[in-house]
Amino acid sequence: MDSRSAIYSGITRVPLQATAQFGYSVGHILNDLCSACWFTYLIIYLTEVRQKSKDVAGLLMLVGQIADGLATPLVGIAITKIGLQRYGKRKTWHLIGTICVAVAFSFIFHKCFSCEDKAESVQEIYYGAFIAMFQFGWASTQISHLSLIPVLTVCKKKIVFLNSVRSGLTFFCGIAVYVLMWYLLHAYGSNMEPLGPGDDRAFGYLSLIVIGVGLTFSLLFHLMVKETSDEELRSQEAEGANLLGEKPAQRTIKGWLKCQKFYLNGIMYMFTRLAVNIPQVYLPFYLTSSLALKKESIAYYPLMMLICSVIGSFMTRPLSKYAGKMLTYVCGVALVVGSSFWFQFQEKANPCPTYGATALIGAGSSIMLIMSLSMTADLIGIHTDTGAFVYGSMSLLDKISNGVAIALIQHFHPDHCTPVDCPTARYYRYTMSALPGGAAVLGALSTLVLAFLRWRNRNQPRPNPVQIQQGESGDEDQEPGNQIVVSNSNEYATATESEQRKGV
């Protein structure tokens, strides 16, 4: 955030205290813990432990993804209109989301209470209702927590710090879940191989521990963080407007819908999330079916993938500094494609090298995800008023595409193995090789098209400032950083040049 934007947001805001920083940082831990369980263990729990059909498991995952995708933009709109003013609108929705997540997640990884002997359709409705409730709560907590950052502080260093700590705790939560699952399968799982109904107690304990720990940190969040009221924010923005005059022109939702880069960025983000989430969901199946490893492998191999994701995240800053964001993204794609070939040709007799493939896909997918989010932020640029629409749209596309992909994978799943042939083992091998690698390549192609559009726009003449002032923006695909903004006093020539002007 540049100094001009900071003044508009209220530069006189009270500095963020250390207790509030800590409270905010731990406010998303419940979501992070549940998310690690959701993607890695839901499908394998439903099919192997609860013995549901492949189609039913895929359908329940699809229901959850659609509920999350639809809830994200709706909650974003509701936060601005509904909530307890004294307590804070965002904290109100965070509390609602926390309650929904804690209640619903308690039932997802347990037997169907009072309906275990009922018809399959009754159990599907039971699990589907709690999954939809969980995803609504998850989206409410996520959106309200993210939207609190610009309310708490306008200091760029503090914003970066809060986002960094939040991301670091996300990785730590994943590591904690996998280590805990490793212990629970060893201590409370059945002695039978492979994974089966006898391991239900291990998954039940996992969900209860996750909820208990997550609720503890959520309580700290609500006790330590005080949300600034909307009246105070408007007063601070009015004060900033008096100092600088009219606020820079913002791109409308209609303007985004006319922007080619908006769609290309969404496609790139969709394929990136597919390359990240599909391996997370199907790695346990690949390990236990294609490689016939022990059931504890569904804990320590995902743990290795997550640790390498952390390493990959640290690589993004120096790589993007010297190679640029798009080329860094392509480097991540290369790692994911390399891991796809490795998964395909990995020998069952010697599974140890699988750690290498897991490390590659962990680091590569992390680089792709961080760079795609960074390029999305660049796309939004100074148009922060409609930034939530951009993120919400891409999140909707991400959730639905992942849900549909997983449902299709489950639908075309072959029959169980026979003593002579095992099509299931080959199916998961193809899933772990073709889908992540293919999604990564398509993401890279989207990035190349974006690079071409950026090059084309840089070689076009800039629009007339008078046209911009009169609302004739010309090319909707103009780079956000190159758009000319003229205030009533004509004091500033461009938004991006404001950082270069002394005394702004």
**Request:** Grab the two heavy atoms, one from Gly64 and one from Gln135, that are nearest each other, plus how far apart they are.
**Result:** O-CG, 3.0 Å

**Asked** What about the rings of Trp38 and Phe134, do their centers lie closer together than 6.0 Å?
**Response** yes

**Complete:** Residues passing the salt bridge (charged side-chain N to carboxylate O under 4.0 Å, His left out) test with Lys91, sequence neighbours excluded, are none

**Request:** Mark yes when over 12 heavy atoms from residues, nucleotides or ligands other than Phe172 sit less than 6.0 Å from its CZ; otherwise mark no.
**Result:** no

**Prompt:** Which atom pair, heavy atoms only, marks the closest approach of Ser140 to Gly97?
**Reply:** CB-CA, 3.8 Å

**Partners passing side chain to side chain donor-acceptor pair (under 3.5 Å) against Thr376 (at least two apart in sequence or in another chain)** = Asn265

**Message:** Under a plain distance cut-off of 3.5 Å, with no hydrogens placed, do Thr40 and Tyr178 share a side-chain donor-acceptor pair?
**Reply:** yes

**Asked** Taking the six-membered ring for Trp, are Tyr24 and His145 parallel (under 30°), tilted (30 to 60°) or perpendicular (over 60°)?
**Response** parallel

**Prompt:** In this structure, which one of Val404, Thr431, Val281 forms a side chain to side chain contact (heavy atoms under 4.5 Å, CB included) with Ile409?
**Reply:** Thr431

**Item:** Distance flag, aromatic centroids of Tyr282 and Phe285, threshold under 6.0 Å
**Value:** yes

**Item:** Non-neighbouring partners of Ser35 that pass side chain to side chain donor-acceptor pair (under 3.5 Å), sequence neighbours left out
**Value:** none

**Message:** Hydrogens and angles aside, do Trp342 and Gln346 bring a side-chain donor and acceptor to less than 3.5 Å of each other?
**Reply:** yes

**Message:** Enumerate the ring pair (Phe, Tyr, Trp, His ring centres under 6.0 Å) contacts for residues 348-371, please, sequence neighbours excluded, ordered by first and then second residue.
**Reply:** Tyr301-Tyr355

**Request:** Ignoring hydrogens and angles, state whether a donor on the side chain of Tyr269 or Ser446 is under 3.5 Å from an acceptor on the partner side chain.
**Result:** no

**Asked** Sequence neighbours excluded, which residues qualify as salt bridge (charged side-chain N to carboxylate O under 4.0 Å, His left out) partners of Glu120?
**Response** Lys52

**Asked** How would you list, by chain and number, every residue that makes a side chain to side chain contact (heavy atoms under 4.5 Å, CB included) with Phe314, sequence neighbours excluded?
**Response** Val310

**Message:** Under the rule for side chain to side chain contact (heavy atoms under 4.5 Å, CB included), what residues qualify as partners of Lys111, not counting sequence neighbours?
**Reply:** Arg50, Glu116, Asp200

**Item:** Close side-chain approach of Ser207 and Ile108, heavy atoms under 4.5 Å
**Value:** no

**Request:** Output all residues satisfying salt bridge (charged side-chain N to carboxylate O under 4.0 Å, His left out) with Asp68, sequence neighbours left out; order by chain, then residue number.
**Result:** Lys399

**Asked** Residues two or more places apart in sequence or in another chain: which of them pass side chain to side chain contact (heavy atoms under 4.5 Å, CB included) with Ile209?
**Response** Leu180, Val213

**Asked** Quick check: are there more than 12 heavy atoms from other residues, nucleotides or ligands sitting under 6.0 Å from OH of Tyr183?
**Response** no

**Asked** Looking only at heavy atoms, what is the nearest atom pair of Gly196 and Val49, with distance?
**Response** O-CG2, 3.6 Å

**Prompt:** Is the gap between the ring centers of Phe105 and His110 under 6.0 Å?
**Reply:** no

**Request:** Could I get the full list of side chain to side chain donor-acceptor pair (under 3.5 Å) partners for Tyr127, not counting sequence neighbours?
**Result:** none

**With sequence neighbours excluded, residues passing side chain to side chain donor-acceptor pair (under 3.5 Å) with Tyr286** = none

**Prompt:** Looking only at heavy atoms, what is the nearest atom pair of Gly312 and Ser366, with distance?
**Reply:** C-OG, 4.1 Å

**Prompt:** Which pair of non-hydrogen atoms, one from Thr354 and one from Phe343, has the smallest distance, and what is that distance?
**Reply:** CG2-CE2, 4.1 Å

**Request:** Answer with yes or no after comparing the ring centroid distance for His28 and Phe221 against a 6.0 Å cut-off, counting only values under it.
**Result:** no

**Sequence-distant partners of Phe341, ring pair (Phe, Tyr, Trp, His ring centres under 6.0 Å), two or more places apart** = none

